[in-house]
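All figures in this text were calculated on a predicted structure; none of them were measured in a lab. For ligands, and for the atoms within them, numbers begin at 1 and follow the listed sequence.
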Amino acid sequence: MLILGIETSCDETSAALVADGKQVLSNVIANQLDLLSKYGGVVPEIAARRHTELIGYVIKEAIESAGKSLADIEAVAVTARQGLVGCLLVGAAAAKTLSYSLGIPLIGIHHIEGHIFANLLANPRLTVPHVCLTVSGGHTMLVYVRDYCQYELLGSTLDDAAGEAFDKIAKFLGLGFPGGPVIDKLAREGNRRAFKFPRPLSTSRTLDFSFSGLKTSVINTFKHQVAGNEALPLEDIAASFQEAIVDVLVSKTVEAAARTEVSVVSVTGGVSANSRLREAFVDAGRETGLTVYFPEFSLCTDNAAMIAAAGQARYERGDAADLNLNVVPYAPLEV
Ligand code: KG4
Ligand code: ZN
């Protein structure tokens, strides 16, 4: 089955063609980096307007670069839950229009389910059940993937998402937006043990996360260094801050796997592109015997191929939507 996926939940306008939930024929992603650097982050209404400008071209490009035509598309899957409401509406309106005019099924997907499917799409050997750490600019969650499309939330952030912490610290340090890739690069030159930043909630039994105290600690350390005319090694601050986030993400994921008695974990979302996080998970896998999967880089951040893959699984379970499909900014995953 050939599914067109559409993703517009935040600042990426994306459309993809995926065959049988397995083969990515195209995955076009238009980001809004020019707007993000101008405003220092995502401005919801401006992002929605940019989606409106781009969505038609992005869909056209996804179809043409796959060597297909509109008539070949057999269903359309769109991110309908979790995201910026104005942004979600643009994708939903485009998907409904195509569904009605082509007479093909419409499938509404939860954005987080899309991220979980990024790994199932990228790694055919990834099995269920497993634990998925999904970590990006909008969320940080540990999910028990009991079966395809069956989830149990084990823990999530109580305040900032990990990617949000990367973005806010980079902005504070004047490094630009998005912060994750810049800090990742800078940290490679730094000493990750130079500053001892807190690992929030790491000693408690909870599988929830908290990153706002860490953020405050980094900001206070920076101000203290400035006030005392002390050296300000940005590489060391970046490496030590990143290490604190990586430590917490890895240790809680290992704990979640132990509690659910699984030997396989997957890591997904924008922060899963982080090179130190990948390295630390590989080490943890070696020490604990866990098998760890990551998607390739193009499937880490928001993209429509993961939405099309989730759409295939949902469609096979009879989960097609009607033309009254609505968008929901905050929605539980476990439905
Ligand atoms: O999944 P995504 O594209 O969008 C959301 O759903 O939020 O993730 C974007 C987030 C941003 O916060 C960005 O800073 C972070 O992922 N990110 C990274 C890296 N690449 C992107 N964080 C750490 N290291 C990276 N290499
Ligand atoms: Zn995302």
Side-chain angles (χ1 to χ4, degrees), residues 5-14 27 29-33 36-37 40-42 44 47 51 79-84 87-88 91 109-119 122 132-141 143 156-157 160-173 175-188 190 192 209 211 214-215 238-239 241-250 266-281 294-307 309-310 329-331 333:
I6 297 178
E7 157 64 41
T8 60
S9 67
C10 190
D11 56 326
E12 265 97 13
T13 316
S14 183
N27 189 20
I29 305 168
N31 63 42
Q32 306 187 357
L33 284 178
L36 298 175
S37 37
V42 181
H51 285 310
T79 308
R81 291 185 294 286
Q82 198 100 329
L84 300 169
C87 295
L88 290 168
I109 298 296
H110 194 296
H111 182 73
I112 305 297
E113 179 166 56
H115 277 301
I116 292 169
F117 268 87
N119 259 313
C132 179
L133 169 71
T134 167
V135 56
S136 78
H139 64 272
T140 301
M141 284 181 186
V143 179
S156 64
T157 185
D160 290 349
E164 189 180 356
F166 272 104
D167 294 337
K168 286 180 175 169
I169 288 300
K171 191 174 177 186
F172 175 78
L173 297 176
L175 299 172
F177 189 94
V182 199
I183 290 187
D184 189 350
K185 193 160 170 240
L186 192 64
R188 283 179 215 153
R192 51 181 186 256
F209 302 90
F211 295 107
L214 167 62
K215 188 184 65 193
F241 160 70
Q242 177 176 272
E243 195 64 10
I245 292 199
V246 166
D247 264 2
V248 176
L249 293 177
V250 173
S266 70
V267 189
T268 184
V271 180
S272 70
N274 186 270
S275 58
R276 176 65 194 139
L277 183 70
R278 287 177 175 236
E279 192 180 79
F281 263 115
F294 290 91
E296 61 212 56
F297 287 112
S298 62
L299 296 176
C300 285
T301 46
D302 291 348
N303 68 88
M306 67 186 195
I307 302 302
Y330 295 100
L333 179 63

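Side-chain contact, H111 with S9: a donor N or O sits under 3.5 Å from an acceptor N or O. Between the side chains of S156 and H139, not a single donor N or O lies within less than 3.5 Å of an accepting N or O.
A donor-acceptor contact shorter than 3.5 Å links the side chain of Q32 to the backbone of A47. Without hydrogens or angle criteria, H51 side chain to G91 main chain gives no donor-acceptor distance under 3.5 Å. Judged by distance alone, with hydrogens and angles left aside, the side-chain atoms of S14 form no donor-acceptor pair with the main-chain N or O of N303 at under 3.5 Å. Under the 3.5 Å distance criterion, the side-chain polar atoms of D184 are matched with a main-chain donor or acceptor of S275. Side-chain atoms of T140 do not come within 3.5 Å of backbone N or O of T157 as any donor-acceptor pair. Distance alone, capped at 3.5 Å, places no donor-acceptor pair between the E12 side chain and the N31 backbone.
Geometrically, R278 engages F297 in a cation-pi contact, judged by NZ or CZ lying under 6.0 Å from the ring centre and within 45° of the ring axis.
Atoms of the protein (N, O or S only) found under 2.8 Å from the Zn ion (ligand 2) are H111 NE2, H115 NE2, D302 OD1.
For ligand 1, the protein residues within 4.0 angstrom (heavy atoms only) are E12, H111, H115, S136, G137, G138, G163, F166, D167, P178, G179, G180, P181, D184, G270, V271, A273, N274, T301, D302.
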